[in-house]
Amino acid sequence: MYRSVLEGTRIGTWQWNVQTGETVFNERWAEIVGYTLDELAPVDINTWLGLAHPDDLPESGRLLELHFAGQLPFYDCKCRMKHKDGHWVWVHDRGRVISWTKDDKPLMMYGTHADITEQKQAELDIKASRDQFKNLLANIPGVVYQYQQWPDGRACFPYASDNIQEIYGVMPEQVKDDAAIIFNKIHPVDLAGLTQSIAQSAASLSLWQHQYRVCLDNKKTIWLSGCATPERMPDGSTLWHGYIENITNSKQHYLELERLNKEYKLSQQRLEMASETALIGFWQASLITGELWWSPVIYKIFGFDENITPSVALFKSTLHPEDRVLVAASEQRSLESGLHDVVHRIIRSDGSIRWVHELARLLPQHENPDQILVGSVQDVTERMQLQQMKDAFISTVSHELRTPLTAIKGALGLLNSGKLGQLPATMQKLMDVADSNCERLAHLINDLLDVEKLAAGKMPFNIQSLVVQAELQQAIDNLQPFASQQQVCIELQPLAERLMVQADSLRLQQVVTNLLSNAIKFSPPDTKVAVSVKRQNDDVLFQITDYGSGIPAEFHGQIFQRFAQADGSNQRQSGGTGLGLAICKELVQQMGGSIGFNSTPGKGTTFYFALPAKRVTIN
C-alpha cells in the first residue's frame, strides 16, 4: 500500500546506511534526474554527492548534522541536482534517522526525494517580479500616501503628496481626517471591488494592489493603479504605505490589445477552419536557400507524412513532369512582377494526380535578399475536372451547332435577299427576328470556340509592334454606329502619336472592342465613354471608363469568370454570353499582359489592361 501511494504521488525514496554509505533508491529517484537505476549502478551515497550542486552541499551538510545532533526532528533540504541532459533540477529532500548504533551514532536513515523545479521556478519568478516592481516603483510618478482605516469603518489619508490633486482633484488637507470625499469619486462599478481588496489586505496584512476607475468633477473617467504595504497599529487600525498612479493610457492600450487578441484568436480559428474546409494551405519558401515552411493542411493536400521535413526540393519532386517548366517560368516571372500564380499537377506518393493552385507574393529584391515567397496552395482537382468536363461539353456542343447553324443562316440570308421573291410584311418581320437571333447564336458559338482554343493553347498569336493610336481609332470607328444608337459619345483622350505596343492586332482589336462595347452598353443615354492610354514603366496601360451604375460589390470576384453575368435573370437589360470578359483576360495574359478593373456603385467602372511596350519572348 505504501509503495502504491509513493508511486501515485511520483515521489522518489531513499534509504542510507550512514556508517557504510550503502544507499538504496527507487526508480523514481533516478527518473527525476533523467536516469534509470541501471545507468547509475553501482549506487551509494557518492552517487547523490556526484549529482548534487556543489554550492548546495554545505547547507545540506549543516542541516544533516543538526538532525544527527537532535536539534532538528527531520532532515529537510532543498537543493539542485544535475539532470542527465545537463540542466539543474530542484529537489526537496526529507528524511529521518530511524536506527542508531550502540554508541549512539546514526545508522539507518530513510527519506523522500520530490521534484520541485516548477515550484522553485515559480518562487524565483515571483521574487524577480517583486524586485522588478520595486525598481519600477522608485521611478514611476504618482501619489505617495498613507491610508489608515479603523475596524469601525473610519478612514483617512494621514499623509498624501501634492500629486493627489492631479489624481483625485482634492488637496491633501481635505482628506487628512476623512477619506469620504475620495470614495465618493470612485466609479460605482468598481467601488465594491476596491472596498473588498482593502478588507482582504487588512485581514491578512498582505500587499494591497488594485486597479480601479475614478470619476473626476469634469466628468472625465481615469484609471488608477494602487499598491501599498499594510501595518497593524496599536489601536487596532491598519495603516498602509504606498502609491497611486494614473494608468489611463496604458490601461486603454491594454484593453485594446486584449480586444485585438480576442479578435486575432477568433480570426485564426476561422482561418484554420476555412483552410481545412477548402483545402487551402499556407507556405513560405526561399528561392535562394531552399528552406520551406508550410501549414498542416499541405500535408493532407500532397499526401505527405506529417513527420516529414518540408523543403523546396521535396515540393519539386512532386511536380508532374509536364508542368515543371510551367512552375519554373512562374517563379521566374515573380522575380519581376512580384506575383507567383500558377495552376499545375502534382503526383502524390500513392501515384494519384492532383491539381493545385499556387498563389504567392515576392517582395522587391532590395527588401528581400533571400527571395522569400509567401503564399497559399489549394487543391483544385475537382474544379479542374469539372472545367475539363465543361470544356469538352462546350467543344462538342459548339461544333455540333455550327454546321446546322451555318445552313440555317445561309437559308435565312437567301430568303431575306429577295432572290426567291418578295416576302409578305408579316413574314418579313418574323424573318428579321430569326436572322437577329441566328446572329446572336453565331456570336455565342464563336465565343465558345475561342474559349476552347484558349483553354487548349491552340489560339494563334502574331505578336508585333503596333501603333496604339491606329489600333484604337479602328476599334472606335467600328463601334461608332452602336454608340450613336445608344446615344453615347466615345472620347479618345490625347496620347503620344508614336506610342507602340507589342501585341497581336486581331486579338488586341477583340479585347478593345469587347471592353468598349460593354462600356457603351452599360452607359446611360447622353453620357460618354472615355478611352485613355499611357506608358507605365515597360508596359502600355489601356483604360476604358464608363459612367454607368457600376458593378455590384458582390459580383467583383466573378467578373472574369466564364458565363458570369451581374444580372442572371432573363429580363436583364443588356444581352451577352457572359464569355467576353473571360476571353479578354485569357487573350491579354497570353500576350504577356494583365487585366483588371475598378468600380464604384452609382458612379461608373474603369476596365484596364497592360501589354508590353518592348519586344518580349512569349511562350
Side-chain angles (χ1 to χ4, degrees), residues 443 446-447 450 454 459-548 550-551 559-560 574-577 579-600 603-616 618:
H443 281 304
N446 288 334
D447 282 349
D450 280 347
L454 288 167
M459 177 74 78
F461 287 87
N462 179 22
I463 304 298
Q464 56 185 313
S465 295
L466 303 174
V467 179
V468 175
Q469 175 87 32
E471 296 296 326
L472 286 179
Q473 195 60 56
Q474 180 182 342
I476 292 172
D477 291 344
N478 291 338
L479 285 170
Q480 194 60 58
F482 177 55
S484 298
Q485 180 185 353
Q486 298 293 114
Q487 301 178 39
V488 173
C489 173
I490 304 175
E491 180 183 277
L492 177 59
Q493 298 180 358
L495 67 154
E497 291 185 2
R498 298 304 299 172
L499 182 60
M500 307 292 287
V501 67
Q502 302 298 318
D504 180 295
S505 178
L506 178 62
R507 305 308 171 196
L508 177 59
Q509 287 292 324
Q510 191 173 351
V511 172
V512 173
T513 299
N514 195 300
L515 297 180
L516 195 52
S517 63
N518 276 352
I520 295 170
K521 186 164 51 177
F522 291 103
S523 292
D526 300 322
T527 60
K528 69 178 181 179
V529 169
V531 181
S532 65
V533 185
K534 64 180 178 180
R535 182 71 178 265
Q536 189 177 63
N537 299 324
D538 293 334
D539 293 330
V540 175
L541 181 66
F542 295 76
Q543 298 183 92
I544 297 174
T545 302
D546 69 67
Y547 300 93
I551 300 171
I559 196 71
F560 290 110
S574 303
T577 64
L579 292 171
L581 290 176
I583 293 173
C584 285
K585 181 180 180 181
E586 291 288 342
L587 290 174
V588 169
Q589 288 181 341
Q590 293 200 32
M591 288 190 290
S594 60
I595 189 169
F597 72 98
N598 296 312
S599 184
T600 303
K603 293 186 178 180
T605 302
T606 296
F607 275 89
Y608 56 85
F609 65 94
L611 292 173
K614 300 179 181 179
R615 185 172 295 278
V616 293
I618 298 177

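Values reported hereafter were calculated over all heavy atoms of this structure, with side chains retained and with hydrogens, waters and symmetry mates removed.
Inter-residue side-chain proximity for Leu495 and Val468 is flagged as met; some heavy-atom pair is nearer than 4.5 Å. Proximity of Phe461 to Leu587: side-chain heavy atoms (C-beta onward) are separated by under 4.5 Å at one or more points. Between Gln469 and Leu499 there is no side-chain heavy-atom pair separated by less than 4.5 Å. Between Phe522 and Thr605 the shortest side-chain heavy-atom distance does not fall below 4.5 Å. The shortest side-chain heavy-atom distance between Leu508 and Leu466 falls under the 4.5 Å cut-off.
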Open item on the list: Let's go through Asp504 and Gln510 carefully: what are the C-alpha distance in whole Å and the side-chain angles of both, what is the deciding distance for side-chain contact (heavy atoms from CB on, under 4.5 Å) to 0.1 Å, and is it a yes or a no?
Closed with: CA-CA 10 Å; Asp504 180 295; Gln510 191 173 351; over 6 Å; no

Open item on the list: Using side-chain contact (heavy atoms from CB on, under 4.5 Å), reason through Val501 and Asp539 one step at a time and then give a plain yes or no.
Closed with: CA-CA 8 Å; Val501 67; Asp539 293 330; over 6 Å; no

TODO: Applying side-chain contact (heavy atoms from CB on, under 4.5 Å), run through Ile559 and Phe597 and close with a yes or a no.
DONE: CA-CA 9 Å; Ile559 196 71; Phe597 72 98; 3.1 Å; yes

Open item on the list: Go through it in stages, so that I can follow the logic: the residues are Lys534 and Gln543, the test is side-chain contact (heavy atoms from CB on, under 4.5 Å), and I'd like the CA-CA distance, side-chain angles, deciding distance and then a yes or no.
Closed with: CA-CA 9 Å; Lys534 64 180 178 180; Gln543 298 183 92; 4.1 Å; yes

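Of the N and O atoms on the side chains of Ser505 and Glu471, at least one donor lies less than 3.5 Å from an acceptor on the other residue. Between Ser465 and Gln502, the side chains place a donor N or O and an acceptor N or O closer than 3.5 Å (distance only, hydrogens not considered).
A distance-only check finds a donor-acceptor pair linking the side chain of Arg535 to the backbone of Asn537 [under 3.5 Å].
Closest non-hydrogen pair, Ala519 versus Ile544, comes out as CB-CG2, 3.9 Å. Residues Asn514 and Gly580 approach most closely at ND2-CA, 3.1 Å, considering heavy atoms. Nearest heavy atom pair, residue Gly548 against residue Pro524, reads CA-CD, 3.7 Å. Across all non-hydrogen atoms, the minimal contact from Ser523 to Tyr547 is OG-N, 4.4 Å. Nearest heavy-atom pair, Ile595 versus Cys584, reported as atom, atom and distance to 0.1 Å: CD1-CB, 4.2 Å.
Distance check: Ile490 CD1 to Asp546 CG gives 12.0 Å after rounding to the nearest 0.5 Å. With rounding to the nearest 0.5 Å, the separation of CG in Asn462 from CE in Met591 is 11.5 Å. A distance of 14.0 Å separates OG1 in Thr545 from NZ in Lys603, rounded to the nearest 0.5 Å. Gln474 CD to Leu479 CG: the interatomic distance, rounded to the nearest 0.5 Å, is 10.5 Å. For the atom pair CG of Leu611 and CG of Asp538, the computed distance is 13.0 Å after rounding to the nearest 0.5 Å. From Thr600, atom OG1 reaches atom CD1 of Ile551 across 10.0 Å, with rounding to the nearest 0.5 Å.
Using cut-offs of 30° and 60° for the angle between ring planes, the Phe542 and Phe609 rings count as parallel.
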